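First up is the structure itself, then whatever we jot down about it.
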Amino acid sequence: MCAANKQSSNYKPLTESDAITLAKRLNLFENDSQLTCYEIGDGNLNLVFKVTNTENGESIIIKQALPYAKVVGESWPLTLDRSRIETNALIKQAEFVPQYVPKVYYSDESLAITIMEDLSHLQIARAALMNDEDLPLLSNHIGEFLAKTLFYTSDYGLNQHYKKELVKQFINPDLCKITEDLVFTDPFFDHETNDFEQELQKDVERIWNDQVLKLEVAKLKQIFLTKAEALVHGDLHTGSIFADEKETKVIDPEFAYFGPIGFDVGQVFANLLLNAISREPKKQNILFTHIETTWTVFVEEFTKAWKNDAIEVFSQVDGYLEYVLSEIFEEAVGFAGCEIIRRTIGLAHVADLDKIEPANKRISIKQLALKLGSELVKNRKSVTNPKDFKEYTIQTALSSL
Ligand SMILES: Nc1ncnc2c1ncn2[C@@H]1O[C@H](COP(=O)(O)OP(=O)(O)O)[C@@H](O)[C@H]1O
Ligand SMILES: CSC[C@H]1O[C@H](OP(=O)(O)O)[C@H](O)[C@@H]1O
């Protein structure tokens, strides 16, 4: 039996009424509370139940993995082990940045559930950004989240023996395979999972026929496959971030594994860029500023952690920190390019692009996304500063006119 189909005999997908029964059995609410429950999941993979005490409004979230990918159905079996990974990643991240992750109240591997803090008072960052709302601290918080979670789970900041024990706990082959396929492979070939408008056919064929691009994507995929640098979130797009003007929380780390630090950084860059290009030019600046701040804060916090807590003996050697940071940035730029391309023509799209109306505007912005993504992958060595993203975006847009 393949890993994806292994299920404990205890497992069954919860209904809304099962979720209430479970919350009561676990005494998560005061005795005799009147509870309601709704399944609110809008992601690609899992069930998400919100259970609320109708008398005082207290609420919790019960997230449950299904034995298949919800967006596709039972024809795409998927390991329930992702629930264990998600719980453990949230707990590990909370050691370094408790302010940026939901509290975990309970988990049960056999039922594939994680019970956690309800963050409904915040908004999903993608929705807020699409709505032109101000999230002034978003990039400060995400820069710090990235620096601390990644530094303290890497060989730079963690005992190397203990890190290898952690690597074992976060072996996540099925979810990594999704990323290997959907981010690094399928969009670059004529594959059945791809999904794009007929009007993009020529642009997509240009990608499939671009051997220079494909060689660079192959190199980035190799880094994703082999560079066990730190415990990465693995799916850090703006739909995995809750925020308002004061608070930021990162959810949904079921893709966590030991991978390249630049992967998380690059997904953040890419999803901010996707939102930027979906806007009219005069409203784009805030997104470029968010990208710069994410990187600036990441560098500040990573450097602080390195100076105070690095345990790698070479850490004090002149130039080593700068080398590590420049590798992270270069890889992040390349990963961002892959993410932009896959979110435009692959299986899993983003609303920032898909909701653009009218259709001809949507198509031309998607054409820009494909060009920008390709440029970032191919020219990642010459993008050396986060300010360059704005320049690249403007130049790519101008060259498309
Ligand atoms: N802790 C939470 N508090 C409130 N809502 C949540 C929470 N976690 C998830 N959700 C809701 O469920 C949706 C899907 O959650 P997510 O973890 O992204 O699921 P998936 O793994 O299926 O992508 C989120 O977009 C959000 O609306
Ligand atoms: C078949 S999974 C597709 C896609 O969904 C995941 O995102 P999310 O769980 O946040 O909806 C991930 O990005 C996968 O690549």
Side-chain angles (χ1 to χ4, degrees), residues 4 13 19 37-52 58-66 68-80 82-83 85-87 89-90 94 100-107 112-128 130 172 174-187 193-195 224 232-244 247-257 263-264 266-268 270-271 274 335 338-343 345-351:
C37 175
Y38 296 100
E39 202 280 315
I40 57 164
D42 60 0
N44 287 320
L45 297 176
N46 303 294
L47 297 173
V48 179
F49 298 94
K50 174 171 169 156
V51 183
T52 308
E58 281 174 9
S59 53
I60 56 164
I61 293 292
I62 303 181
K63 180 167 174 179
Q64 185 181 39
L66 288 163
Y68 52 87
K70 192 174 74 175
V71 66
V72 178
E74 295 187 35
S75 62
W76 188 334
L78 198 54
T79 178
L80 294 175
R82 64 187 192 272
S83 173
I85 297 269
E86 175 155 349
T87 302
L90 287 173
Y100 300 138
V101 287
K103 288 188 194 74
V104 172
Y105 299 137
Y106 177 84
S107 68
I113 57 167
T114 311
I115 304 189
M116 67 185 112
E117 183 183 3
D118 180 15
L119 302 171
S120 307
H121 61 290
L122 305 174
Q123 266 200 89
I124 290 291
R126 187 183 306 288
M130 285 175 63
N172 196 359
D174 289 29
L175 282 276
C176 285
K177 176 80 168 100
I178 291 180
T179 304
E180 287 148 27
D181 290 346
L182 296 187
V183 179
F184 292 109
T185 311
D186 300 355
T193 57
N194 290 328
D195 176 16
F224 182 85
V232 298
H233 177 285
D235 193 25
L236 193 39
H237 55 88
T238 44
S240 298
I241 302 173
F242 267 110
D244 67 7
E247 249 188 303
T248 306
K249 301 271 182 185
V250 176
I251 62 165
D252 199 15
E254 69 197 308
F255 283 77
Y257 84 113
F263 187 70
D264 276 357
Q267 286 210 314
V268 172
N271 282 274
L274 284 162
F335 291 136
C338 296
E339 171 76 358
I340 289 173
I341 292 171
R342 77 95 170 208
R343 292 296 189 182
I345 59 172
L347 176 95
H349 286 201
V350 288

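Bear in mind that the values here come from a model prediction, so they are computed numbers and not experimental data. Just follow the structure's listing: the first ligand is 1, and inside any ligand the first atom is 1.
Residue-level proximity to ligand 2 for Arg342 is carried by the side chain, the only part with a heavy atom below 4.0 angstrom. With a 4.0 Å heavy-atom cut-off, ligand 1 is reached by the side chain of Ile61 but not by its N, CA, C or O. Proximity of Ile124 to ligand 1, defined as any heavy-atom pair under 4.0 Å, is confined to the side chain (atoms from C-beta onward). Contacts between Asn46 and ligand 2 below 4.0 angstrom, taking non-hydrogen atoms only, are absent altogether.
Considering NE2 of His237 and CG of Asn271, their distance stands at 7.0 Å, rounded to 0.5 Å.
No option in Thr114, Asn46, Asn172, Thr87 other than Asn46 meets the side-chain hydrogen bond (donor to acceptor under 3.5 Å, both in side chains) test with Glu254. Just one of Asp252, Asp235, Leu175, Val72 meets the side-chain contact (heavy atoms from CB on, under 4.5 Å) condition when paired with Leu45; it is Leu175.
Those atoms of ligand 2 with a heavy atom of Asp252 less than 4.0 angstrom away are 8 (P), 9 (O), 10 (O). Against a heavy-atom cut-off of under 4.0 Å, Glu117 is close to the following atoms of ligand 1: 1 (N), 2 (C), 3 (N). Which parts of ligand 2 touch Ala348 is read off a 4.0 Å heavy-atom cut-off, strictly below it: atoms 3 (C), 4 (C). For ligand 2, the atoms closer than 4.0 angstrom to any heavy atom of Glu254 are 9 (O). Residue contact check: Arg343 has heavy atoms under 4.0 Å from atoms 13 (O) of ligand 2.
With hydrogens left out, the protein atom closest to atom 6 (C) of ligand 2 is Asp235 OD2, 3.5 Å, a heavy atom.
Ion pairing between a basic and an acidic side chain is recognised when a charged N comes within 4.0 Å of a carboxylate O; Lys50 and Asp118 show such pairing. A salt bridge links Arg343 with Glu339: at least one charged nitrogen is closer than 4.0 Å to a carboxylate oxygen.
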